[in-house]
Colleague: 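Could you have a look at this structure, given as structure tokens, before my questions?
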Amino acid sequence: MPAKTFQDHLKILKTHEARLADKHMRAMYEADSDRFLKYSLCLDTLVFDYSKNRIDQDAMNALLDMAANLGVEQKRGAMFAGEKINRSERRAALHVALRGSVDKAVNVDGLLISDAVEQVLQQMRDFSDAVRSGGYQVTGGKVTDVVNIGIGGSHAGPAMACEALGKFRDGPKVHFVSNVDSADLLTTLSGLKPETTLFVIASKSFATAETMMNANFAREWVEATVAKDQIGDHFVALSSNLEATGAFGIADERCFAFWDWVGGRYSIWSAIGLSLMIAIGSRNFDAMLEGAASVDRHFCDAPLDKNIPVIMAVLGIWYRNAWGCSAHAVLPYDHRMDGFRTWLQQLDMESNGKSVDLDGSIIEYSTAPVIFGEPGTDGQHAFYQLLHQGTDFIPCDFLLASGANDDLDKHRSTLAANCFAQSEALMRGKSKEEVVSELISAGMDEKKACELAPHKVFEGNRPSNTFVYEELNPRTLGMLMALYEHKAFVQGVIWNVNSFDQWGVELGKELADKIEPVLVIGDTTAANNSSTEGLLRAYLNFRKN
Ligand code: F6P
């Protein structure tokens, strides 16, 4: 019998969807007091509750069969063994090696991965310790400010982690500049002194237009104040293109290398983490690596039905493909996790926002959903109305730390109560009978209560996962990030797409390169369609004024 394809599995999933479509989760909880125990897992100091999903054991079995049949375990083995699973770029995807999770014998084109990783990691530790202690000096003495210039994977992870781990930052101030909008760079530089500022130019390719433009400006900014022979001390590079870093004028000893088998969006664990390491110290950075490594071990060792990233992945596919959900909300009840959705957007949408399979054939099912979110409780006052009463249901992930010693107690309880309340409200809803009876008890007459009731009804039955963990610290953050990385990997395997390339970002770059000279010479007729031409004309007219 030929092996089952994703579409064969999808047909099976749809029969379960049809079976469960009219079942309300409220009734499922009423019928089974062990539902939480059945559908939750613990990993170190983290609890993952997936019981508030529209699933029963038969549906879960079908989802996990799909993961097993479509080769999740084999492909996981291939990734950890350093096989070139990124086929369109002929590269391995070995970010897991950056946290010590591959066998010491794994090599790529003859390079022993573990040795190379340890060498750069030690170089990073030495340098960040020196910057933090003042052992590394720039023109004005000790470095007071570090400016990380990078974009995409060379920005989003470190910027997010720096904010999330704000409590652990005890080094020089670390700033992040990514946007080619000069407001980003100028705002950051406005409070800084060139003599005590260190620029970390983070770019795997060292060719990304936005980063190079900002880096060139930064160099001019330093050159205006600092003596020529000291300018070099103000720059370090994080890159896999050591020729280009040399051409930019950064000495080899201040270049921190990584390799083509580290994808941009998976690169925070590599030299790209240097600015973060300077901010939080090498021991905290190591703790983050160790958190991610513990998830790698769990991902490799746990059976599929106890494997958190596998369960996250198949539930995502359940809603995306069997129920037709096109969005997924990530809702950290943690103000410092504001950047998490941005990091996750790149991870998930750049990895799996694909419409051809590994062989280049067009696929006939949906892949990555739109990821969006906002820290609670702010999100509650923005888009939760739609989550609760909109026409489509959107699966959500709630993330909550039990707290930290320096939290205000009352704030902490209110925050946590809101998090638990939201997932319960989404799940339970409120029926028309409940609404009417409440209104009448509050003194409203029955006619008015019945008129108002439809507006106050919550159909509920809206699914969510919840992560609760002890504290948002480097280790937990590393765990959370690795869980989502492996989730994306598993989904890519099941959808049969290449999660490690990103050709979809190229066309926009190509056209920007063509449009920019048009803007400079002001000849809008060079645009190749009336919309772009009209917009260019309007823009140039405004500029003239
Ligand atoms: O957005 C496209 C992309 O290639 C990302 O994958 C990458 O993280 C980012 O640009 C930055 O690339 P680089 O690190 O080479 O500057």
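Given the structure is predicted, the values throughout are model-derived calculations rather than measurements.
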Colleague: Can a side-chain donor-acceptor contact be found between Ser51 and Asp49 if the only test is distance below 3.5 angstrom?
Modeller: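 On atom types as modelled, these side chains qualify, holding a pair under 3.5 Å.
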Colleague: Could you give all pairs that pass the ring pair (Phe, Tyr, Trp, His ring centres under 6.0 Å) test and reach residues 408-434, with sequence neighbours left out?
Modeller: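 Matches after skipping sequence neighbours: none remain.
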Colleague: So, Arg297 and Glu290, do they make that salt bridge, N to O below 4.0 Å?
Modeller: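 A salt bridge links Arg297 with Glu290.
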Colleague: Quiz question: by atom type and distance under 3.5 Å, do the side chains of His24 and Glu459 form a donor-acceptor pair?
Modeller: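 Side chains of His24 and Glu459: no pair found under 3.5 Å.
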Colleague: Between Glu424 and Tyr29, does any side-chain donor sit less than 3.5 Å from a side-chain acceptor?
Modeller: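 Checked: Glu424/Tyr29 side chains show no N/O donor-acceptor pair below 3.5 Å.
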Colleague: Quiz question: by atom type and distance under 3.5 Å, do the side chains of Tyr384 and Glu374 form a donor-acceptor pair?
Modeller: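 No.
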Colleague: I'd like to know if Arg99 and Glu485 make a salt bridge, using a cut-off of under 4.0 Å between side-chain N and carboxylate O.
Modeller: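 Result for this pair is yes, salt bridge flagged.
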Colleague: Considering only residues two or more places apart or on different chains, which pairs with a residue in residues 280-312 satisfy ring pair (Phe, Tyr, Trp, His ring centres under 6.0 Å)?
Modeller: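 Residue pairs with at least one partner in residues 280-312: Phe299-His486.
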Colleague: Hey, are Asp65 and Lys4 close enough for a salt bridge, meaning a charged N less than 4.0 Å from a carboxylate O?
Modeller: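 Answer for the salt bridge query: no.
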Colleague: Show your working on side chain to side chain contact (heavy atoms under 4.5 Å, CB included) between Leu98 and Phe258 and close with a plain yes or no.
Modeller: CA-CA 10 Å; Leu98 301 164; Phe258 62 110; 5.7 Å; no
Colleague: Could you tell me whether Glu350 and Arg265 make a salt bridge, using a distance below 4.0 angstrom between a side-chain N and a carboxylate O?
Modeller: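 Yes, Glu350 and Arg265 are salt-bridged.
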Colleague: Distance to the ring centre below 6.0 angstrom and angle to the axis at most 45 degrees; does that hold for Arg462 and Phe393?
Modeller: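 Not satisfied by the 6.0 Å and 45° rule.
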Colleague: Return the set of residues passing ring pair (Phe, Tyr, Trp, His ring centres under 6.0 Å) with Trp269 (not counting sequence neighbours), or none when no residue passes.
Modeller: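 Residues passing ring pair (Phe, Tyr, Trp, His ring centres under 6.0 Å) with Trp269: none at all.
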Colleague: Without hydrogens or angle criteria, can the side chains of Lys410 and Thr414 be said to hold a donor-acceptor pair below 3.5 Å?
Modeller: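 The criterion, which ignores hydrogens and geometry beyond distance, is satisfied for Thr414 and Lys410.
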Colleague: With a 4.0 Å cut-off, would you call Lys430 and Glu438 a salt bridge?
Modeller: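 So Lys430 pairs with Glu438 through a salt bridge.
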Colleague: Would you mind checking if Asp338 and Arg341 are paired as a salt bridge, meaning a charged N to carboxylate O distance below 4.0 Å?
Modeller: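 Asp338 and Arg341: salt-bridged.
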Colleague: What distance do Ser205 atom OG and Asp260 atom CG have between them, rounded to the nearest 0.5 Å?
Modeller: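 Reported to 0.5 Å precision, the distance equals 12.5 Å.
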Colleague: Are Lys14 and Glu17 within salt-bridge range, i.e. N to O under 4.0 Å?
Modeller: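 No, Lys14 and Glu17 are not salt-bridged.
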Colleague: Does either side chain, that of Ser499 or that of Asn352, offer a donor lying less than 3.5 Å from an acceptor on the other one?
Modeller: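 Side-chain D/A pair, Ser499 to Asn352: present.
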Colleague: Flag the pair Glu471 and Lys167 as a salt bridge only when some basic side-chain nitrogen lies within less than 4.0 angstrom of an acidic carboxylate oxygen.
Modeller: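 Lys167 and Glu471: salt-bridged.
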Colleague: For Thr342, check side-chain hydrogen bond (donor to acceptor under 3.5 Å, both in side chains) against everything at least two apart and list the hits.
Modeller: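 side-chain hydrogen bond (donor to acceptor under 3.5 Å, both in side chains) check on Thr342 returns nothing, list empty.
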Colleague: So, Asp357 and Trp495: side-chain donor and acceptor under 3.5 Å apart, yes or no?
Modeller: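 Side chains of Asp357 and Trp495: no pair found under 3.5 Å.
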Colleague: Between Arg19 and Asp56, is there a salt bridge with N-O shorter than 4.0 Å?
Modeller: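 Looking at Arg19 together with Asp56, the answer is yes, because their closest N to O distance falls below 4.0 Å.
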Colleague: Please, which pairs that meet side-chain hydrogen bond (donor to acceptor under 3.5 Å, both in side chains) have at least one residue in residues 73-82, sequence neighbours excluded?
Modeller: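 Checked against side-chain hydrogen bond (donor to acceptor under 3.5 Å, both in side chains) - neighbours excluded - no pair reaches residues 73-82.
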Colleague: Residues two or more places apart in sequence or in another chain: which of them pass ring pair (Phe, Tyr, Trp, His ring centres under 6.0 Å) with Phe48?
Modeller: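 Partners of Phe48 by the ring pair (Phe, Tyr, Trp, His ring centres under 6.0 Å) criterion, ordered by chain and then number, come out as Tyr50, Phe467.
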Colleague: One thing to verify: whether Arg91 and Asp501 come together as a salt bridge, which I'm taking to mean a side-chain N less than 4.0 angstrom from a carboxylate O.
Modeller: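 Looking at Asp501 and Arg91, the cut-off is not met.
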Colleague: To the nearest 0.5 angstrom, please state how far the NZ atom of Lys487 sits from the CG atom of Leu344.
Modeller: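 CG of Leu344 is found 7.0 Å from NZ of Lys487.
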Colleague: Distance only, no hydrogens: is a donor on one side chain within 3.5 Å (strictly under) of an acceptor on the other, for Asn179 and Glu210?
Modeller: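 Asn179 vs Glu210: no donor-acceptor pair found between side chains.
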